[in-house]
Amino acid sequence: MINTTNSHPTLTSKLEPTTLLAIVGPTASGKSALAIALAKKYRGEIICADSRTIYKGLDIGTAKPSLLEQEGIPHYGLDLVEPYESYSAADFQAHANEKIAEIRERGNLPIIVGGSGLYIDGVLYSYEFGGQADEILRTELEALSIVELQERIEEVGYEMPENSQNKRYLIRAIEQGGVNRSRQPLMSGAVIIGINPGLEALEDRIRRRSKNMVDGGVLEEARLIDEDYGWDSPGASGNIYRVLRPYIEGSTYDLEKCLEDALTLDKKLAKRQLSWFMRNDDIHWFDNSSEVLAFLSSQLANKI
RNA sequence: GCAGGGUUAGUGAAGCGGUCAAACACAACAGACUGUAAAUCUGUCGGCUUUAGCCUUCGUAGGUUCGAAUCCUACACCCUGCA
């Protein structure tokens, strides 16, 4: 298992004064609770960088912090769109930047928390996202094969995406004329905290969380998707909803089995998230919240 | 007890004499990722070595054949029909 807690780098002068805290990590790692603890301690306000909690009405299945759980700390990034609406990393970036400015204006510390790597990086590394999605062009290109799309890219002389077998990326390359590499250095004053309790602990937490979701009423949310929004809605792609679909539609009555599937999907998600974050050397990794609190109070207390 | 069907790699499931270490799916493992990102995609996936190759696998034990996961015999376990 990864153990980087003994070797996290000492903060350099370039990181002070800290003007933004980011908390990243896999799903169910305890980011939200940690964020609240830190917000209380350092006069913070929280921006959730989570591609699921942006949806209104999908609260339980997305593990969106409830009003009660928010403990009076202002939260942003939640309930931004309806489940059937589409939302992009660029949209999030705009929203987050706006909130960061507002929070600083109030003299508070912006704390950005989440597991959506692209959302986080878009903000922290000032991506200049390419043009907006062209739905008409996309549906047109969707009909072409991978090879045809590749040929098309070569013909026009665009750069081929590294994932040259990924249709979605090929279409995007054609749409925006190549590959986007607009990454800036880490936003000045930002400190990124990574929290990774390990896969075994994560599995445990995910199990418990799924159970709580059922007790909390995810089935109602899933029914809402089934009856109102439709399973094609962007909001319906959350793990728990996907596995609940056969149960809601009546093709299985085995709820336990659905929860097993949820665990599988969540574990895979956690690994993907980890593989995104692990390559980022700017992240200071920890196993659990108390280590983070200790680290920050010893290294940063005076500088925030 | 008689008749018929089945037993394949972690799971499900193709294969029914050679081109089979064995399709495919799932799981697992590794990785990519710049306006769908809880999305999407890539690689590996019996063992050893690694362009190639060698070894051990297709319920168990024998047999037929130049050659068997594939055919035959016996045994074990599972399912179905008749008793």
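So you know, we letter chains A, B, ... as the sequences are listed, proteins then strands, and number each from 1. Note that the structure is a prediction, hence the values are computed from the model and not measured.
Separating the CG atom of A:N163 from the P atom of B:U36 is a distance of 15 Å, rounded to the nearest angstrom. The nearest whole Å value for the distance from the NE2 atom in A:H95 to the C1' atom in B:G35 is 16 Å. We find that CD1 of A:I146 is positioned 7 Å from P of B:U42, with the value rounded to whole Å.
Base-pair partner of B:C48: B:G53 (Watson-Crick or G-U wobble, both distances under 3.5 Å). Within the shown strands, B:U40 is the pairing partner of B:A32 under the Watson-Crick or G-U definition, both distances less than 3.5 Å. Across all strands shown, the partner of B:C82 is B:G1, judged by Watson-Crick or G-U wobble contacts whose two distances both fall under 3.5 Å. Applying the Watson-Crick and G-U wobble criteria (two distances, each under 3.5 Å), B:C58 pairs with nothing in any strand. If you check B:A27 for Watson-Crick or wobble pairing at under 3.5 angstrom, you find it has no partner at all. Figure legend. B:C77 is base-paired to B:G6; pairs are counted as Watson-Crick or G-U wobble with both atom distances under 3.5 Å. Summarising the base pairing, B:A22 is matched to no nucleotide, lacking a Watson-Crick or G-U wobble pair whose two defining distances lie under 3.5 Å.
Under 4.0 angstrom from either OP1 or OP2 of B:A39 there lies no side-chain N or O belonging to A:R168. Taking 4.0 angstrom as the limit, A:Y125 places none of its side-chain polar atoms (N or O) nearer than this to OP1 or OP2 of B:U34. Distances shown here put every side-chain N or O of A:R272 at or beyond 4.0 Å from the OP1 or OP2 atom of B:C41. Side-chain N/O atoms of A:R138 include one lying less than 4.0 angstrom from OP1 or OP2 on B:U36. Between A:N166 and B:A39, a side-chain N or O to OP1/OP2 separation shorter than 4.0 Å is absent. Not one side-chain nitrogen or oxygen of A:R52 sits closer than 4.0 Å to the OP1 or OP2 atom of B:A39. Between A:Q176 and the phosphate of B:G35, there is a side-chain N or O to OP1/OP2 separation shorter than 4.0 Å.
A:G117 comes within contact range of no nucleotide atom at all, as no heavy-atom separation falls under 4.0 Å. Residue contacts for A:Q165: at a heavy-atom cut-off of 4.0 Å it reaches the sugar-phosphate backbone alone, with no base atom in range. Across all strands shown, A:G114 has no heavy atoms under 4.0 Å from either base or sugar-phosphate atoms. Within the 4.0 angstrom heavy-atom criterion, no nucleotide atom of any strand lies near A:D266. Using a 4.0 Å heavy-atom cutoff across all strands shown, A:R242 reaches sugar-phosphate atoms only and no base atom.
A:L170 and A:F129 sit in two unconnected hydrophobic clusters of ILVMFWY residues. Membership requires side-chain heavy atoms under 4.5 Å apart, directly or through other members.
Going from the P atom of B:A83 to that of B:A74 covers 26 Å, rounded to whole Å. Rounded to a whole angstrom, the distance from the P atom of B:G15 to that of B:U65 is 28 Å. Atom P of B:U8 sits at a distance of 26 Å from the matching atom of B:U44, rounded to the whole Å. If you take atom P in B:C58 and the same atom in B:C82, they sit 36 Å apart, rounded to whole Å. Taking the C1' atoms as reference points, B:C54 lies 43 Å from B:G4, given to the whole Å. Annotation: B:G18 and B:C24 have their C1' atoms spaced 23 Å apart (nearest Å). Across B:C71 and B:G17, the matching C1' atoms stand 8 Å from one another, rounded to whole Å. Atom name P, nucleotides B:C20 and B:G12: the rounded distance is 24 Å, in whole Å.
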Please tabulate the protein-to-nucleotide N/O contacts below 3.5 Å involving nucleotides 25-27 of chain B, giving atom names and distances.
| residue | atom | partner | partner atom | Å |
| --- | --- | --- | --- | --- |
| B:A27 | OP1 | A:K268 | NZ | 2.8 |
| B:A27 | OP2 | A:K268 | NZ | 3.4 |

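Place A:S275 and A:S164 on RNA chain B by their nearest nucleotides, and A:S275 ends up nearer the 5' end. Heavy-atom nearest nucleotides on RNA chain B were determined for A:E128 and for A:T27, and the one closer to the 5' end corresponds to A:E128.
Shown here for A:G44 and A:I73, the closest heavy-atom pair between the two residues is O-CG2, 3.8 Å. Across all non-hydrogen atoms, the minimal contact from A:L186 to A:A190 is CD2-O, 3.7 Å.
Taking 4.0 Å as the cut-off between side-chain N and carboxylate O, A:K64 and A:D59 count as a salt-bridged pair. In summary, A:E260 and A:R207 engage in a salt bridge, as defined by a charged side-chain N under 4.0 Å from a carboxylate O.
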Criterion salt bridge (charged side-chain N to carboxylate O under 4.0 Å, His left out) on A:D134 and A:R138, from CA distance to verdict: CA-CA 6 Å; A:D134 182 340; A:R138 284 189 181 187; over 6 Å; no
From CA spacing to verdict: side chain to side chain donor-acceptor pair (under 3.5 Å), A:S182, A:N180: CA-CA 6 Å; A:S182 61; A:N180 185 339; 3.0 Å; yes
Derivation of the side chain to side chain donor-acceptor pair (under 3.5 Å) call for A:Y76 and A:E45: CA-CA 8 Å; A:Y76 307 96; A:E45 298 184 38; 2.7 Å; yes
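Taking only side-chain atoms of A:N239, from C-beta outward, the nucleotide of B:U34, B:A37, B:A39 with the closest atom is B:A39.
Checked by distance alone, A:Y169 brings a side-chain donor or acceptor within 3.5 Å of a matching partner on the base of B:A39. Between the side chain of A:S182 and the base of B:U34 there is at least one donor-acceptor pair of N/O atoms closer than 3.5 Å.
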